[in-house]
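First the structure, in the form of structure tokens, and then the observations on it.
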Amino acid sequence: MLSGAGRGGRVADFGGACPNTGDVAAARARGLRYPARPSATDPRPLTDLHTHLRERLLAATTQLGLARDAAEPLVRLDPPKNREHGDVALGAFQLAKLAGKAPPSFASELAAKITPDDVIESATAAGPFVNFKFRRAALARAVLTAIAADAAPYGRSPKNGQVVCIDYSSPNIAKPFHIGHMRSTVIGNALCRIHRHLGTTVHGINHLGDWGMPFAKMMTAYMRWGNEQELHRSPMRYMFDLYKRYGVEVKNNPALDDEAALHFKALESGKDNQERRMWQLLRDESLKAFQGPYSRLGVTFDHVTGESFFEDKMEAAMQRVATAGVLENSDGAQVVWLKELGIKEPCLLRKSDGTTLYHTRDLAAAFWREQQYHPNRILYVVGAEQKLHFDQLKGVLTKMKEEVAAAVEHVPFGLVLSKTEDGKWEKFASRSGNAVFLDEILDEAVAKVRSIIREKNPDLPNADEVAEQIGTSAIVFNDLKNSRIKDVKFDWEQMLNFDGETGPYVQFACARLSSIQRKVGVPVPKPEAVDFALLADAERVLLVMMEFGTAVQRAAEQSEPSIVTGHTIALAGEIHSYLRDHYVVGAEPAVRDARLLLVDCARRLLTTGLWLLGIPAPERM
RNA sequence: GCGCCCGUAGCUCAGUUGGAUAGAGCGACGGCCUCCGAAGCCGUAGGUCAGAGGUUCGACUCCUCUCGGGCGUACCA
């Protein structure tokens, strides 16, 4: 079969000697210019309420004899595991140690110092913990005023001076866009939006797999069996057939691979020859065909610089490697050995026939990105099976003492698995015919949504358009729901079940909130006009809202969109529960207005959360 | 062989970097639409956190080993 799949099949990540986490700190220790990104131990982004509480706590610890500098990093305010304990909790273990006291007694002393004020309602010691409650009115005011004003972290933060390159989607365009390509695409797309929300300058890059042996194999197949008429009739379908045929025939005729290698060498000669023209034709057709899935998924890129873009940049990159003195000959090939970095396999940069490889182009791309964008981080959203590739890429840059090495960061994700007849999970493989094209899946989901709409909301005016939105979102949401490192189990039944923690569930909450706003018949009040004390019963909703900023921040730090997904589910759940017993329409005016503001803010925050995931929030569904 | 990842309820997964009584959804069972959208809500059942050691005041979380499953392992990507 044809091997590899562009970055869509590019799946290695760093480990061993140069793990991704910590390399920024290591770079800083070495005096490199890449600033460390916020570390995991940095305090979470604080709301006004937290800042106030924090100040009160630091004043108290100072009174208790602790130096502010020493106490500050130990004052970590986390949501308690059990909401009954309070709004935020402080584990006093380390502070107590600093004070030389037992945690429980220190906690009581600390709690006693935090007397109530207009923000803090109570501080109570519970064993070694101190639990705090905010005044309900203050909680509501702080959260809702900020959301209504679209202030950070609920709205977009001002520019923070950071620059992040995100390499995502990056499919091998000589093959149809299938389910396996979707993960990198939607995860990368979400990460772009999340970083932008935080004020980072983002360069979203589609590093197309439009060069190298896979493309050469496609050319070989086309030259042998293809014809242009059929190609134009249905390009992707046709190329997929050629791809499959090559896979079958190469088993009996391994010389096909040699033929492909010759074609690649001819292509890479730079001459205007048959290969060049064919490459152009196949590339154009593939690229056109890829616009479909991208637009359906609402995915865009800032730069579409595929592997071929680096054709004329690889020689300079190789020179740079040679000049650094790390390039060696091995069996006629040019390689960089990385044993001292704990990587046994050498990084191949030039084959013995003189042609380049995936690594060569990635190296050239890293230099290009450094020079063009000056990124603090370069995220490669590529499957986990390519870990070694990125270990090596980073390793070569490290060995060359290139500063950009510190920025290189593989963001691996799990495989898409399909269920076999005997109930086991196995990798999707185009060759065994169990590949599912993205369009098929989206169509299936959209059709299901369309029938649900027919049943539940037959009068919906733009039903087809909404069905498309809800259906595609369901698939995207499902991919962003779990930690990205987990394999995705592709299961039709589960994929088309829209109950519970799903995209439609969150969208439904938005639609329901919109509906209430339409029905109540009065405009959303200004926060200044609202009596926030009337929202004491909405504490659960408000506390979840307050976590939004932390969720987005963590998602960016950990390159983990599922943290945002989880937050939207939690907020949708809380608002659904709240609405059961708290009516807006028909409530007395002051209560109605307060609840209306809450409803509006919930809708806005859910919409923002979905937007960060690349998912629309229709007003009706 | 070596390296890396994963293992939590029947199924699919959370568990905020070592803190309080391990939480959701699906599926199952039982309730709730003359009441702002039932794609919803409320409740019940369901756990040896793969196993064994270790570190710690405290371990699902960190370390070691074992057992399962997966991925990778120089002229593919």
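Residue numbering restarts at 1 for every chain, and letters A, B, ... go by the order of the sequence lines.
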Suppose you measure atom [atom1] in [N] against the same atom in [M]; what distance do you get, rounded to whole Å?
{"N": "B/rC67", "M": "B/rU21", "atom1": "P", "value": "34 Å"}
{"N": "B/rU12", "M": "B/rC4", "atom1": "C1'", "value": "24 Å"}
{"N": "B/rG15", "M": "B/rC60", "atom1": "C1'", "value": "8 Å"}
{"N": "B/rG18", "M": "B/rG54", "atom1": "C1'", "value": "15 Å"}
{"N": "B/rC76", "M": "B/rU16", "atom1": "C1'", "value": "40 Å"}
{"N": "B/rC62", "M": "B/rU55", "atom1": "C1'", "value": "8 Å"}
{"N": "B/rA50", "M": "B/rC26", "atom1": "C1'", "value": "23 Å"}
{"N": "B/rG72", "M": "B/rU8", "atom1": "C1'", "value": "27 Å"}

Interatomic distance where [atom1] belongs to [X] and [atom2] belongs to [N] [whole Å]:
{"X": "A/M213", "N": "B/rA74", "atom1": "CE", "atom2": "C1'", "result": "15 Å"}
{"X": "A/E574", "N": "B/rC41", "atom1": "CD", "atom2": "P", "result": "10 Å"}
{"X": "A/Y583", "N": "B/rG37", "atom1": "OH", "atom2": "C1'", "result": "10 Å"}
{"X": "A/R580", "N": "B/rC35", "atom1": "CZ", "atom2": "P", "result": "16 Å"}

- Message: I need the residues from residues 81-89 of chain A with at least one non-hydrogen atom less than 4.0 Å from RNA chain B; give them sorted by number, or say none.
- Response: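 Residues of residues 81-89 of chain A that come under 4.0 Å of RNA chain B are, in numerical order, A/K81, A/H85, A/A89.
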
Would a distance-only check, ignoring hydrogens and angles, find a side-chain to backbone donor-acceptor pair under 3.5 Å from [X] to [Y]?
{"X": "A/Q392", "Y": "A/P346", "answer": "yes"}
{"X": "A/D210", "Y": "A/S308", "answer": "yes"}
{"X": "A/R484", "Y": "A/I187", "answer": "no"}
{"X": "A/D78", "Y": "A/A89", "answer": "no"}
{"X": "A/K519", "Y": "A/V585", "answer": "no"}

Scan [X] against the nucleic acid and name what it touches under 4.0 Å (heavy atoms): base, sugar-phosphate only, or nothing.
{"X": "A/D491", "result": "nothing"}
{"X": "A/L90", "result": "nothing"}
{"X": "A/L357", "result": "sugar-phosphate"}
{"X": "A/G91", "result": "nothing"}
{"X": "A/N329", "result": "nothing"}
{"X": "A/H582", "result": "base"}
{"X": "A/W211", "result": "nothing"}
{"X": "A/F508", "result": "base"}
{"X": "A/Q94", "result": "nothing"}

- Task: Look at atom CD of A/E619 and say whether more than 12 heavy atoms of other residues, nucleotides or ligands are closer to it than 6.0 Å.
- Result: no

- Query: Is there a donor on the side chain of A/S577 or the base of B/rC41 sitting less than 3.5 Å from an acceptor on the other?
  - Reply: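 For A/S577, whose side chain was compared with the base of B/rC41, there is no donor-acceptor pair (under 3.5 Å).
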
- Base B/rA77 paired with A/D210 side chain (donor-acceptor, <3.5 Å):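 Flag unset: no donor-acceptor pair detected.
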
- Would you kindly say whether A/S562 and A/E560 are connected by a side-chain donor-acceptor distance under 3.5 Å?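 Yes - a donor-acceptor pair under 3.5 Å links their side chains.
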
- Mind telling me if B/rU17 is syn or anti? Syn here is a glycosidic angle within 90° of 0.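 Base orientation: syn.
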
- Considering only B/rC36, B/rG40, B/rU16, which nucleotide approaches the side chain of A/P79 most closely? B/rU16

- Task: Could you tell me whether the side chain of A/R620 reaches within less than 4.5 Å of the side chain of A/S515, counting heavy atoms only?
- Result: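 Heavy-atom side-chain distance check fails, nothing below 4.5 Å.
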
- Mind jotting down which residue pairs meet the ring pair (Phe, Tyr, Trp, His ring centres under 6.0 Å) criterion with at least one end in residues 327-349 of chain A? Sequence neighbours excluded, please. none

- Would you give a per-nucleotide map of nucleotides 7-14 of chain B, 5' to 3', where B means the base has a protein non-hydrogen atom under 4.0 Å away, S means only the sugar-phosphate does, and - means neither? S----SSS

- Query: For the rings on A/F129 and A/F93, is their centre-to-centre separation under 6.0 Å?
  - Reply: yes

- Message: Please confirm whether the ring centroid of A/F309 lies under 6.0 Å from the ring centroid of A/H207.
- Response: no

